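For reference, the structure is listed below as structure tokens.
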Amino acid sequence: MRALEARALACYDDSWDRLYLAARRVQRPREISPLVEAGSVAAALLTEAGNVYVGVCIDTACSLGMCAERSAIAAMVTAGESRIRRIVAVMPDGRAGMPCGACRELMMQLDPAAREVEVLLDYESRRVARLGELVPGWWADARMAPEA
């Protein structure tokens with residue numbers, strides 16, 4: 001029985017739990033000023049190097065705000081990384097949700113292997129889609145293809 005348990009635990013990947021919980025830790029809806037709110041949506045991503053970056057949405061009036069996914073991506077790029085392996089966006093009700101279109105586009109542009117980024121669509125069922133499935137017929141496929 002112990003050998004079976006050890007094999008099962010060896011196969012267990014807790015990265016979705018780590019990402020979801022990291023996003024929930026920073027998800028605190030708040031008013032920063034009468035014109036800026038933040039934190040109703042949070043995101044966490046896991047890089048190819050194994051690092052986790054988090055971000056929250058920053059909603060503004062008449063200026064460029066930032067979604068949670070882009071905030072996490074900005075933290076990753078600031079730290080010198082650009083290869084995302086997994087990402088989760090946590091909506092105000094606590095459920096995982098689809099990254100916004102602008103962030104799907106940004107992720108596609110960051111890395112020629114971006115089609116393989118795993119996006120958590122449902123935390124409870126662990127339903128995942130690859131970024132390439134969410135951005136079919138992407139306009140810059142030819143430009144991002146590795147040179148032969």
Side-chain angles (χ1 to χ4, degrees), residues 9-148:
L9 287 173
C11 296
Y12 177 68
D13 178 357
D14 72 342
S15 61
W16 286 126
D17 293 322
R18 287 188 301 126
L19 290 175
Y20 179 83
L21 293 172
R24 291 292 285 179
R25 276 193 293 277
V26 297
Q27 187 176 31
R28 288 186 286 95
R30 58 204 177 269
E31 184 177 291
I32 294 179
S33 79
L35 300 174
V36 177
E37 295 177 353
S40 64
V41 176
L45 62 84
L46 176 67
T47 66
E48 195 67 33
N51 296 310
V52 173
Y53 296 94
V54 295
V56 297
C57 65
I58 303 169
D59 299 315
T60 65
C62 300
S63 71
L64 296 176
M66 183 181 294
C67 62
E69 308 92 88
R70 187 171 293 261
S71 180
I73 292 167
M76 173 192 70
V77 170
T78 299
E81 294 192 67
S82 61
R83 300 197 84 176
I84 300 169
R85 196 170 126 222
R86 291 183 161 179
I87 189 165
V88 60
V90 181
M91 301 300 123
D93 64 3
R95 292 185 299 164
M98 183 77 69
C100 79
C103 285
R104 285 180 268 169
E105 177 66 29
L106 174 59
M107 288 188 284
M108 290 294 289
Q109 292 184 28
L110 280 174
D111 181 7
R115 292 191 156 287
E116 300 305 313
V117 171
E118 294 177 313
V119 179
L120 185 64
L121 302 176
D122 183 65
Y123 179 68
E124 288 77 23
S125 70
R126 299 299 197 267
R127 188 166 57 99
V128 172
R130 301 237 183 244
L131 184 59
E133 298 169 48
L134 304 177
V135 187
W138 187 53
W139 67 274
D141 272 337
R143 286 180 68 183
M144 288 297 282
E147 293 185 35

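The structure displayed is predicted, hence computed values, not measured ones.
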Subject >> Those residues that, when tested against Val135, pass side-chain contact (heavy atoms from CB on, under 4.5 Å) (two or more places apart) >> reply: Arg104, Met108, Leu131, Trp138
Original post:
Would Val56 and Arg30 count as a side-chain contact (heavy atoms from CB on, under 4.5 Å) if you check the C-alpha gap in whole Å, the side-chain angles of each, and the deciding distance to 0.1 Å?
Top reply: CA-CA 11 Å; Val56 297; Arg30 58 204 177 269; 3.9 Å; yes
Restricting to side chain to side chain donor-acceptor pair (under 3.5 Å), what partner residues turn up for [X], sequence neighbours left out?
X      : value
Thr78  : none
Thr60  : Ser63
Tyr123 : Asp17
Gln109 : Glu105

To check you understand the geometry: which heavy-atom pair defines the closest contact between [X] and [Y], and what is its length?
X      : Y      : value
Ala22  : Ala44  : CB-CB, 4.2 Å
Cys100 : Cys67  : SG-SG, 3.5 Å
Val26  : Gly55  : CG2-O, 4.2 Å
Ser82  : Leu110 : O-CB, 3.9 Å

Residue pairs involving [range] (criterion salt bridge (charged side-chain N to carboxylate O under 4.0 Å, His left out); sequence neighbours excluded):
range           : result
residues 31-50  : none
residues 57-81  : none
residues 91-100 : Asp93-Arg95

Run the salt bridge (charged side-chain N to carboxylate O under 4.0 Å, His left out) test against [X] and tell me which residues pass, sequence neighbours left out.
X      : result
Arg83  : Asp111
Arg18  : Asp14
Asp122 : none

Spacing of [X] atom [atom1] and [Y] atom [atom2] [to the nearest 0.5 Å]:
X      : Y      : atom1 : atom2 : value
Tyr20  : Arg25  : OH    : CZ    : 12.0 Å
Tyr53  : Ile84  : OH    : CD1   : 11.0 Å
Cys103 : Met98  : SG    : CE    : 12.5 Å
Met144 : Arg115 : CE    : CZ    : 10.0 Å
Glu118 : Ile87  : CD    : CD1   : 12.0 Å

Original post:
So do the side chains of Ile73 and Leu106 get within less than 4.5 Å of each other, counting heavy atoms only?
Top reply: yes
Subject >> Side chains of Val36 and Ile58 in contact at under 4.5 Å (non-hydrogen atoms) >> reply: yes
**OP:** Evaluate the criterion side-chain contact (heavy atoms from CB on, under 4.5 Å) for residue pair Val41 and Val90; output intermediate values, then yes/no.
**Re:** CA-CA 6 Å; Val41 176; Val90 181; 5.9 Å; no
**OP:** Check the pair Cys57 / Ser40 against side-chain contact (heavy atoms from CB on, under 4.5 Å), numbers first and verdict last.
**Re:** CA-CA 7 Å; Cys57 65; Ser40 64; 3.4 Å; yes
Subject >> Residue among Arg130, Arg86, Arg85 satisfying salt bridge (charged side-chain N to carboxylate O under 4.0 Å, His left out) with Glu116 >> reply: Arg130
**OP:** Report the C-alpha distance between Val119 and Leu134 in whole Å, list the side-chain angles of each, state the deciding distance to 0.1 Å, and finish with yes or no for side-chain contact (heavy atoms from CB on, under 4.5 Å).
**Re:** CA-CA 9 Å; Val119 179; Leu134 304 177; 3.9 Å; yes
Original post:
Going by the ring-ring contact (aromatic ring centres under 6.0 Å, His included) test, which pairs reach into residues 91-117, not counting sequence neighbours?
Top reply: none
